[in-house]
Amino acid sequence: MALPVIHSLEDCADYSQVLEPFLPQLYGLPSDVVHAVTTGEPLVNLYANTNPLISGFAFSVLLGSIFWVASEVNRNYSQVDRFWSILPAIYNAHFSAWARLNSLPTQRVDLILLWSVIWSARLTFNYWRKGGYEIGSEDYRWEIVRGACHPAIFFVFNATFISFIQSILLFLLAAPTYVVLLASNIEPKVGAADLLFTFTELALVVSEWFSDQQQWNYQTAKKQYQATAKIPRDCEYTQEDLNRGFITSGLWAYCRHPNFTAEQTIWFLLYQWSCYAGNVMYSWAGAGSLFLIMLFQGSTWLTESITAGKYPEYKAYQKQVGVLIPTLRPYKTPVATPKIIRTSDLAKRAKSKQT
């Protein structure tokens, strides 16, 4: 049996009922796949008869091994990065397709799929235009981490965190959709709360578009300015802005990383959606969003330390503007205070020269 027998909404979020009983399927899945291939049994039957959470997790582990091998062969550790914007939407599509294949209600799951596809398209486009899919491109932070530790330690780090854990994380981000799928068997119709969650998710995606576009506009103008020593035509930034080295306008005037804030909120909100669907305050389905928040803490710290080391004014920016939680007042460039030299000091300098 591919799905648990549930009698209430609360059952849909109960780990002991909806996940634990299906763990044996995970252990036996590799041999089941081999058996299906060797006997000619349609793989779609095995797919339909396997719990969707189990098959999704198994796929993420398989991808982890591919990422690991590819990263070591190419000595490029951004393999997961290239799929970061794609896999969560694919996993949501997986839950929707599995439900359809088993003739289950999909209206609520399809709402999740709707905004996640839009999220995926926007983030994939942003990654592409920054050169993320060019041959040899790699996140500059991996080079810094690689240079800060012993090669053997980095090998283990890549084999665990970079390749496997991050791949599993991308699946866990979509795991709350499984709870919504189960709850749809009891409450199949889309409700007002589902629409509210959907519109909020879309609003967060729009905010990411604005913040990333503002960053793109600034970095493009700064690059042209550094290449020509001239402010680009129709540029919205002043020479002072471009000399500063980092953006402090738009959403970035109120938050140092507005795109990071929106990204974490998007997946935490999906987890809250599953809690609403399962009529619980919390559940195991929050593991993905919780780990994402923890991951962003480390990533943000590393980004901040690099940026503060490059641009002198960044420390003043840090004092005025919140890192993830927006401030009420926008950033203001500190006014340079002229150094006042007292007459007595001048007299002392003149005297010292004479002696």
Side-chain angles (χ1 to χ4, degrees), residues 26 29-30 33 53-95 116-175 177 208 212 215-216 219 257 259-260 263-264 266-267 270 287-303 305-306:
L26 177 63
L29 191 56
V33 172
L53 196 70
I54 296 300
S55 57
F57 177 80
F59 183 68
S60 72
V61 174
L62 174 63
L63 285 180
S65 63
I66 295 174
F67 293 146
W68 177 54
V69 172
S71 64
E72 291 297 339
V73 170
N74 295 288
R75 294 300 176 186
N76 186 303
Y77 302 93
S78 280
Q79 306 302 322
V80 178
D81 298 338
R82 293 179 173 86
F83 289 87
W84 189 280
S85 62
I86 300 172
L87 286 175
I90 289 179
Y91 289 126
N92 282 330
H94 153 66
F95 286 119
S116 64
V117 167
I118 296 174
W119 166 87
S120 176
R122 189 214 67 81
L123 191 57
T124 301
F125 167 74
N126 194 61
Y127 188 73
W128 166 80
R129 70 176 174 177
K130 292 192 297 184
Y133 293 109
E134 294 179 359
I135 297 176
S137 66
E138 183 184 46
D139 190 323
Y140 69 95
R141 289 170 294 189
W142 291 136
E143 183 179 357
I144 294 174
V145 174
R146 189 164 61 246
C149 60
H150 190 277
I153 296 177
F154 188 80
F155 176 82
V156 174
F157 183 64
N158 178 43
T160 54
F161 174 77
I162 298 179
S163 298
F164 280 95
I165 294 178
Q166 285 196 123
S167 179
I168 294 172
L169 167 62
L170 293 176
F171 166 70
L172 291 178
L173 292 178
T177 307
E208 283 189 315
D212 281 342
Q215 182 70 259
W216 174 263
Q219 294 298 333
H257 301 281
N259 50 349
F260 288 4
E263 185 68 12
Q264 295 171 78
I266 283 172
W267 298 107
L270 177 59
S289 62
L290 177 61
F291 188 77
L292 180 70
I293 292 172
M294 294 171 60
L295 177 61
F296 263 103
Q297 301 312 304
S299 175
T300 304
W301 172 84
L302 180 59
T303 302
S305 61
I306 295 172

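On a predicted model such as this, the values are computed, not experimentally measured, just so you know.
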Side chain to side chain donor-acceptor pair (under 3.5 Å) partners of residues 159-170, not counting sequence neighbours, each pair once
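Matches after skipping sequence neighbours: Asn158-Ser163.
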Of the non-hydrogen atoms in [X] and [Y], which two are nearest, and what is the gap between them?
X	Y	result
Ser85	Ser120	O-OG, 2.5 Å
Ser289	Trp267	CB-O, 3.7 Å
Cys149	Phe154	SG-CB, 3.7 Å
Ala174	Leu270	CA-CD2, 4.4 Å

Are the side chains of [X] and [Y] in touch, meaning some heavy atoms are under 4.5 Å apart?
X	Y	answer
Ile306	Arg141	yes
Glu138	Arg146	yes
Phe157	Trp142	yes
Tyr140	Thr303	yes
Glu72	Phe155	yes
Phe296	His257	no
Asp81	Tyr127	yes
Ile162	Trp68	no

When rounded to the nearest 0.5 angstrom, what distance separates CG in Asp139 from OG in Ser299?
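Atom-to-atom, Asp139:CG and Ser299:OG are 7.5 Å apart.
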Can you measure from CZ (Phe291) to CD1 (Ile165) and round to the nearest 0.5 angstrom?
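Reported to 0.5 Å precision, the distance equals 5.5 Å.
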If we ignore hydrogens and angles and just use 3.5 Å, is the side chain of Thr124 paired with the main-chain N or O of Ala121 as donor and acceptor?
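Checked: no pair found.
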Does Arg82 offer a backbone N or O that forms a donor-acceptor pair with the side chain of Tyr133 under 3.5 Å?
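Side chain of Tyr133 to backbone of Arg82, a donor-acceptor pair under 3.5 Å: yes, one is there.
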Using a distance-only test with no angle check, is there a side-chain donor-acceptor pair under 3.5 angstrom linking Trp301 and Gln297?
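Judged by distance alone, the side chains do not pair up.
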Between Arg75 and Tyr77, do the side chains contain a donor N or O and an acceptor N or O under 3.5 Å apart?
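Tyr77 vs Arg75: donor-acceptor pair found between side chains.
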Qualifying residue, where the test is ring-ring contact (aromatic ring centres under 6.0 Å, His included) with Phe67 and the options are Trp84, Phe161, Phe83
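Option passing the ring-ring contact (aromatic ring centres under 6.0 Å, His included) with Phe67: Phe83.
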